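Quick notes on the structure that follows.
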Amino acid sequence: ALRGVVALDGPSGTGKTTVARKLAAKLGASYLDTGAMYRIVTLAVLRAGVDPADSAAVATVARKVELTVGTTPHRPLARLGDDDVGVDIRTDRVTAAVSAVSAVPEVRRLLVARQREIIAGELAGGGGIVVEGRDIGTVVAPDAGLKVFLTADPAVRAARRGAQDSAAGRAAAPETVRASVDRRDRLDSTRAASPLRPAEDAVEVDTSELTIDQVLVALCELASRRG
Ligand code: C5P
């Protein structure tokens, strides 16, 4: 079983979430979806009727949010207060607002602290954890034993996102999906606070032409060498 941290970063549509969960299950490790945490705060912001662009108001909501995320790879639970929000945090409304919310430094400060606590809790028991996000290798867990940065051609990423959306009953026109994926990546990569970028010591894996299983094989191989 894995000991220590595997940091898995990259933009959306790279297969990151699927790969992270499968990798954690395979390595007998826990799993932390940090994107879900930013999404829960975003849902709280929208439910409070706060403008996602109003950083001060967003920070106030973030300080009060009671969020829970599970660390079981098979059943990653997400709660806002007592509500199970696993479905609500994936809606277009949340997806469209999450980059603005996650660019607020106070939101990042609170969530990074929380993420480090969760990681420390898992490691204290001698276990391992696969952590996925945008800034895991650079900010949250700079000492991770293995850092992977997944990439894929933008057209491939948009196609994957589109397929995921239709499977979840939210089909949209390909141009719309492409525009939404491009917009979110641009916002995430250009923000001042912890922008999306590979850590210097991250292994970059281009998943454009790989199946999920092929990516998984490559990561298991890397984990067994460095994990
Ligand atoms: O991974 P997911 O698509 O669910 O992430 C949603 C959003 O949360 C990202 O587009 C990004 O704005 C933000 N995020 C982040 N830092 C992380 C994880 C996610 O800023 N570590």
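Just follow the structure's listing: the first ligand is 1, and inside any ligand the first atom is 1. Keep in mind the model is a prediction, meaning the values are calculated, not measured.
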What side-chain donor-acceptor pairs closer than 3.5 Å can you find for residues 52-60, not counting sequence neighbours?
from: Asp54; atom 1: OD1; to: Ala56; atom 2: N; distance (Å): 3.4
from: Asp54; atom 1: OD1; to: Ala57; atom 2: N; distance (Å): 3.2
from: Thr60; atom 1: OG1; to: Ala56; atom 2: O; distance (Å): 3.0

- Item | Short N-O contact, Arg157 and Asp185, less than 4.0 angstrom | yes
- Message: Taking non-hydrogen atoms within less than 4.0 Å of ligand 1, which protein residues qualify?
- Response: Lys16, Thr34, Gly35, Tyr38, Arg39, Arg90, Val98, Ser99, Ser102, Arg108, Gly133, Arg134, Asp135, Arg184, Asp188, Arg191
- same_hphob_cluster(Ile212, Val130) at 4.5 Å side-chain heavy-atom cutoff: yes
- Taking 4.0 angstrom as the limit, do Arg47 and Asp88 come out as a salt bridge? yes
- Query: How would you list all residue pairs meeting salt bridge (Lys or Arg N to Asp or Glu O under 4.0 Å) that involve residues 101-115, not counting sequence neighbours?
  - Reply: Arg63-Glu106, Glu106-Arg109, Arg108-Asp135
- Message: Once salt bridge (Lys or Arg N to Asp or Glu O under 4.0 Å) is applied, what residue pairs with a partner in residues 192-218 remain, sequence neighbours excluded?
- Response: Lys147-Asp201
